[in-house]
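Values in this document were obtained by computation on a predicted structure and should not be read as measured data. Within every chain, numbering begins at 1; the chains are lettered A, B, ... in the order of the sequence lines, protein sequences first and strands thereafter.
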Amino acid sequence: MLMETKPRRSTYVPQEIEPKWQKIWVGRGVMKASDKSPKPKYYDLVMYPYPSGDLTVGHARNYVMGDILARMKRMQGFEVLHPFGWDAFGLPAENAAMKRGVHPETWTLENISKGKRELKMLGILYDWDREVTTCMPDYYRWTEWLFLFFYERGLAYRAMSPVNWCPVDQTVLANEQVINGRCWRHPDVEVEKRDLEQWFFKITDYAERLLNDLQLLEKWPHKVRVMQTNWIGRSEGAEVDFPVVGHEGESIRIYTTRPDTLFGATFMVLAPEHPLVDKMTTDEHRTRVREYVEQARKETEIERLSTEREKTGVATGGFAINPVNGEKIPIWVADYVLVTYGTGAIMAVPAHDERDFEFAKKYGLPVREVIRPSESADGDLTTAYVGPGVMVNSGQFDGLDSNTGFDRVIDWLEEKGIGKRTVKYRLRDWLISRQRYWGCPIPIVYCEVDGIVPVPPDRLPVLLPKDYKPLADNPEFWRTTCPKCGRDARRETDTMDTFVDSSWYFLRYASPHDNNEPFDPELANHWMAVDQYTGGVEHAILHLLYSRFFTKVLFDAGMLDVSEPFVRLFNQGMVKRFGQVMSKSAGNGVSPDELVDKQGADAGRIYEMFIGPPEEDVEWNDAGVNGVVKFLHRVWRLVLEPESIVLTGPSAAADPDLLRRKVAQTVKNVTDDYDDLRFNTAVAYLMELANALQDYLQSGGARDEGWDAAVRTLVKLLNPIGPHISEEMWERLGEGGPERGLLADASWPEFDAAAAAEPQVTLVVQVAGKVRDRLAVASGLSKEQALAAALASDRVRAALNGSKPSKVIYVPNKLINLVP
RNA sequence: GCCGAGGUGGCGGAAUGGCAGACGCGUCGGUCUCAAAAACCGAUGAGGGCAACCUCGUGCGGGUUCGACUCCCGCUCUCGGCACCA
């Protein structure tokens with residue numbers, strides 16, 4: 001068969017070139033970060049994953065984003081730190097172990113090597129010498145060290161407390177891990193309350209700074225800052241003591257954010273768990289109160305916190321005195337008051353609080369108006385009025401604006417010594433104990449004589465035993481001797497929340513093999529802060545708040561120069577398929593293997609960026625990848641086989657100046673878009689440039705130096721997002737290759753503003769705001785010149801219909817609007 | 001309920017207050033071919049007109065402006081977060 005009538009054309013076969021370049025990059029150490037480079041540093045970090053063995057191209061999307069940025073920053077002359085690691089402790093490993101009878105460590109390490117292979121086949125480059133795996137003793141030794149570091153500073157403590165217990169995971173959870181009263185891993189499982197002695201980190205000490213410093217995080221998504229602000233939940237108000245009738249010297253302390261409504265307090269409410277409930281209860285109410293308290297304890301968090309539910313409560317029979325007016329008011333118990341917030345007791349002001357109003361109406365308690373929206377309003381209240389206004393029925397404060405009254409009442413309370421200005425936070429301390437095997441041991445020993453004794457740092461790590469069973473059931477693990485007195489003692493058998501591991505991993509990347517300390521402060525300070533942090537929004541509170549807390553503690557200790565870890569944060573959207581988030585377990589995942597096999601890594605990478613705005617959730621469309629494959633074939637042909645492009649007749653496109661301008665403009669647009677993570681439009685600009693190159697050839701453009709430069713610029717701009725094909729083309733163009741140097745090491749194109757400038761512009765001519773003509777005119781026309789040009793147009797004259805423009809708006813080089 | 005983001009062709013989506021729909025997918029027509037695929041060329045918001053063109057058009061209703069997808073007010077729907085925190 002005579003197939004070879006035409007000269008044989010090289011074709012783009014991604015499967016042939018991709019492994020080749022991946023090998024060369026690794027061999028050349030392309031993404032190795034040098035600690036001693038004179039270049040400016042750039043720390044490009046993606047949130048390290050849990051090694052679930054479930055890596056799909058959906059998860060890979062944010063790693064590709066990080067890779068694009070790392071590759072461009074390198075070409076721009078930065079020394080880039082682009083590391084990777086594994087959040088390797090955690091429950092799924094134990095669940096898999098139980099299901100399949102394989103040790104959690106085996107399962108985890110297998111998944112890690114699988115994941116690493118998949119990332120590599122997508123052409124994503126990391127400095128693997130800095131890889132961090134949190135379940136390895138050389139890492140968790142330092143997690144333990146940091147625990148002790150916190151302990152010494154009084155930031156880790158043990159306390160008995162009602163805690164959230166997930167019955168499925170058989171462990172306690174932090175507040176941040178409870179969503180609507182349910183476990184964050186099991187949306188259908190309600191958490192239980194249990195009283196347990198547990199370890200806490202004192203994150204509340206940092207509430208104010210964690211809140212205030214959010215203002216420094218200008219390059220964080222607004223949404224995340226709002227979420228953290230709400231989570232910390234700062235409020236200003238006053239604590240006030242209400243003396244109790246019949247109990248000399250006893251008083252109930254309440255917290256209110258509305259001291260200006262103090263005169264409107266007509267009853268008080270204690271939380272069922274409040275310590276004074278029993279004392280306040282009179283004999284004839286005792287049975288009912290006890291029953292109520294008992295019932296409230298039994299209710300789940302969900303039931304209690306439901307705002308739909310009608311409020312319930314019982315009177316104690318006791319009374320207190322409102323200190324501002326000496327009035328005797330009844331004390332109630334109701335579960336709408338939470339013992340965990342404020343003082344666990346409130347003054348109820350039904351006229352100006354919706355919850356108190358509802359309660360007062362139900363139980364026939366008095367409602368007294370003390371804030372009036374305006375002087376003229378009448379005193380009729382059918383709902384609570386919660387806004388500001390004028391104080392009434394408030395003794396010496398009558399007539400004051402309620403905002404002013406807020407401060408005046410507090411001043412008065414402080415003078416009298418019955419109250420004080422107070423700031424409260426909703427943030428609670430971070431519960432870090434977990435009753436699980438596969439986690440970082442808490443390096444503490446309990447001695448009958450010496451009590452809680454920290455394991456001396458030189459005896460770290462406390463190794464996790466190889467025997468997979470609960471630590472509490474493993475005497476070989478917990479039997480030990482007291483580091484202080486040498487007597488028999490017992491080890492702590494809880495492990496740490498895995499969020500402790502992830503609160504400092506970004507510091508370990510700076511000196512991952514340091515055997516003397518968790519991180520080398522000098523190197524950490526060299527690389528920190530993280531310039532770009534990319535990951536899912538699901539960590540908006542949890543991981544990001546904890547990491548900020550750790551950073552501040554280490555800053556205070558003088559170990560870090562920065563008090564905020566992440567300068568710029570980006571939350572990428574999720575990739576869905578058939579309407580659901582892509583995952584292997586859901587059966588709708590596309591694996592890197594499939595993708596690389598079918599269309600190639602480059603097409604996959606580019607498609608994932610082109611599919612939609614990076615911050616939005618996107619729907620994966622199998623056919624959509626083919627559009628990108630087509631684009632890459634076209635680029636291949638334009639760059640390497642330009643002579644095969646046929647003339648398709650006369651066209652005005654074969655203008656070398658036009659081509660040069662287009663190239664210069666594309667440099668600007670693509671660079672800016674990569675920098676701002678607008679990858680979807682960056683791809684569009686690359687496609688436009690390819691279209692322009694094609695138009696140029698099809699209309700007979702010469703393949704001269706201008707053409708050569710244009711092609712080389714396109715290849716460079718394509719490199720961060722489509723690294724294999726561009727590297728191959730670079731070599732075939734005779735520019736690079738293993739001998740002459742890699743495109744990955746080449747310099748990024750400079751923006752040439754002069755070349756990008758348009759000598760001619762399209763002037764839009766409007767008549768009364770409607771477009772009537774478009775004129776090609778020289779750049780920089782004066783208003784008079786522009787008007788003359790506009791009036792020379794037949795279509796404009798027709799639209800004006802003989803009338804003279806009474807007003808002319810001229811936007812140079814853009815538009816002229818004639819208003820008749 | 002409160003807070004935040006959003007609503008643009010058949011679809012994914014572009015647009016510092018200045019040409020709405022870049023770029024791509026899909027669809028239709030064409031070239032090439034025995035034929036098909038691929039590739040290439042052209043068309044593609046709606047309505048009207050033989051045509052040059054005209055009218056309408058960015059969730060709904062108002063407003064500001066010479067000019068509004070963009071700014072302001074009110075409404076509506078979708079998504080995300082918080083949800084008795086006194």
Side-chain angles (χ1 to χ4, degrees), chain A residues 179-181 221-227 229-231 233-235 237 254-258 261 265 269 271 304-309 311 334-338 340-349 352-356 358-359 386 424-428 537-538 540-541 607 610-613 615-621 623-628 630-631 633-634 637 644-646 648-649 669 678 680-691 694 698 762-774 794-795 798 805-811 813-820:
Chain A
I179 297 147
N180 287 328
H222 179 241
K223 178 183 172 176
V224 174
R225 287 155 65 188
V226 169
M227 282 169 72
T229 302
N230 293 340
W231 186 262
R234 184 182 194 273
S235 69
I254 60 97
Y255 173 69
T256 178
T257 54
R258 292 297 302 274
T261 64
V269 186
R304 260 191 81 167
L305 289 180
S306 166
T307 47
E308 327 274 86
R309 197 178 65 145
K311 298 195 182 351
D335 66 3
Y336 78 90
V337 173
L338 308 174
T340 45
Y341 182 78
T343 59
I346 62 161
M347 66 170 192
V349 184
H352 305 294
D353 182 284
E354 279 159 17
R355 297 150 302 181
D356 298 344
E358 184 193 332
F359 194 78
V386 298
K424 295 271 182 214
Y425 301 92
R426 250 137 80 172
L427 183 71
R428 321 251 177 91
V537 74
E538 65 272 17
I541 294 173
Y607 175 62
F610 187 56
I611 187 170
E615 70 279 8
E616 308 259 306
D617 288 353
V618 291
E619 176 76 21
W620 180 274
N621 176 352
V625 196
N626 295 330
V628 175
K630 223 155 85 180
F631 164 68
H633 274 107
R634 206 141 56 91
R637 202 170 148 205
S644 73
I645 306 283
V646 291
T648 55
N669 291 331
R678 293 189 302 254
N680 54 331
T681 48
V683 176
Y685 284 123
L686 290 170
M687 288 174 165
E688 277 193 44
L689 180 57
N691 291 347
Q694 184 161 326
Q698 283 176 343
T762 303
L763 184 69
V764 174
V765 186
Q766 296 184 335
V767 175
K770 284 191 177 165
V771 180
R772 294 300 172 178
D773 206 354
R774 282 149 208 178
D794 292 342
R795 291 165 59 184
S806 63
K807 194 170 176 186
V808 177
I809 290 105
Y810 178 51
V811 183
N813 299 334
K814 274 201 174 152
L815 168 144
I816 185 162
N817 188 7
L818 313 181
V819 186

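- Residue Arg225(A) places no side-chain N or O under 4.0 Å from the OP1 or OP2 atom of G4(B).
- A donor atom on one side chain and an acceptor atom on the other are found under 3.5 Å apart for Arg634(A) and Asn691(A).
- Shown here for Met227(A) and Ile541(A), the closest heavy-atom pair between the two residues is O-CD1, 4.0 Å.
- Rounded to whole angstrom, the span from the CG atom of Asn230(A) across to the C1' atom of G81(B) amounts to 8 Å.
- Spacing between atom NZ of Lys223(A) and atom P of G4(B) amounts to 13 Å, rounded to whole angstrom units.
- Put simply, CE on Met227(A) is 14 Å from P on A5(B), counting in whole angstrom units.
- Judged by distance alone, with hydrogens and angles left aside, the side-chain atoms of Ser806(A) form a donor-acceptor pair with the main-chain N or O of Val819(A) at under 3.5 Å.
- Partner assigned to G80(B) is C3(B), using Watson-Crick or G-U wobble distances below 3.5 angstrom.
- Position along RNA chain B of the nearest nucleotide to Tyr255(A) versus Lys770(A) favours Lys770(A) as the more 5'-ward residue.
- Nucleotides A5(B) and G48(B), compared at atom P, are 41 Å apart to the nearest Å.
- In this entry the distance linking NZ of Lys311(A) with C1' of A86(B) reads 11 Å, nearest Å.
- Separation of the C1' atoms belonging to C82(B) and C71(B) is 29 Å when rounded to the nearest angstrom.
- Nearest heavy-atom pair across Thr261(A) and Met347(A) is OG1-CE, 3.7 Å.
- Spacing of C1' atoms, G13(B) relative to G26(B), comes out at 14 Å, to the nearest Å.
- The partner of G45(B) is C56(B), by the rule that a Watson-Crick or G-U pair needs both atom distances under 3.5 Å.
- For the atom pair CG of Asn621(A) and CD1 of Ile611(A), the computed distance is 7.5 Å after rounding to the nearest 0.5 Å.
- Atom P of G74(B) sits at a distance of 13 Å from the matching atom of G4(B), rounded to the whole Å.
- Per the geometry, NE2 belonging to His222(A) stands 17 Å off P belonging to G81(B), to the nearest Å.
- Glu538(A) comes within contact range of no nucleotide atom at all, as no heavy-atom separation falls under 4.0 Å.
- Both distances falling under 3.5 Å, in either a Watson-Crick or a G-U wobble arrangement, place C25(B) opposite G10(B).
- When both distances must be under 3.5 Å, the Watson-Crick or G-U wobble mate of A68(B) does not exist.
- Note on Arg772(A): only backbone sugar-phosphate atoms sit closer than 4.0 angstrom, heavy atoms only; bases stay farther off.
- Nucleic acid contact for Ser235(A): sugar-phosphate only, since backbone atoms but no base atoms lie under 4.0 Å from a heavy atom of the residue.
- Here Arg795(A) reaches the OP1 or OP2 of C53(B): one of its side-chain N or O atoms lies under 4.0 Å away.
- The P atoms of A68(B) and C56(B) are separated by 13 Å, rounded to the nearest whole Å.
- In this structure, the side chain of Arg772(A) does not engage the main chain of Ala798(A) through any donor-acceptor pair within 3.5 Å.
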task = Classify every nucleotide of nucleotides 13-26 of chain B by which part a protein heavy atom approaches to under 4.0 Å, writing B for the base, S for the sugar-phosphate alone and - for neither, in 5'-to-3' order.
result = SS-B-BBS-BBSS-
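- Between Tyr336(A) and Phe359(A), the angle of the ring planes lies from 30° to 60°, which puts this pair in the tilted group.
- Across all strands shown, C73(B) is found opposite G61(B) as a Watson-Crick or G-U wobble partner, with both distances under 3.5 Å.
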task = Carefully, step by step, assess Lys223(A) and Val537(A) under the rule side chain to side chain contact (heavy atoms under 4.5 Å, CB included).
result = CA-CA 9 Å; Lys223(A) 178 183 172 176; Val537(A) 74; 4.3 Å; yes
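- Rounding to the nearest 0.5 Å places CG of Asp353(A) at 10.5 Å from CD of Glu358(A).
- A distance of about 14 Å separates the C1' atoms of G67(B) and A20(B), rounded to the whole Å.
- Both Asp356(A) and Trp231(A) lie near RNA chain B, and the one whose nearest nucleotide falls closer to the 5' end is Trp231(A).
- A39(B) atom P lies 10 Å from atom CZ of Arg637(A), rounded to whole Å.
- Taking the P atoms as reference points, A22(B) lies 16 Å from U8(B), given to the whole Å.
- As judged by a 4.0 angstrom heavy-atom cut-off over every strand, Val349(A) is placed among residues making no nucleic acid contact.
- Taking the O4'-C1'-N9-C4 or O4'-C1'-N1-C2 dihedral as appropriate, G9(B) has a value within 90° of 0 and is therefore syn.
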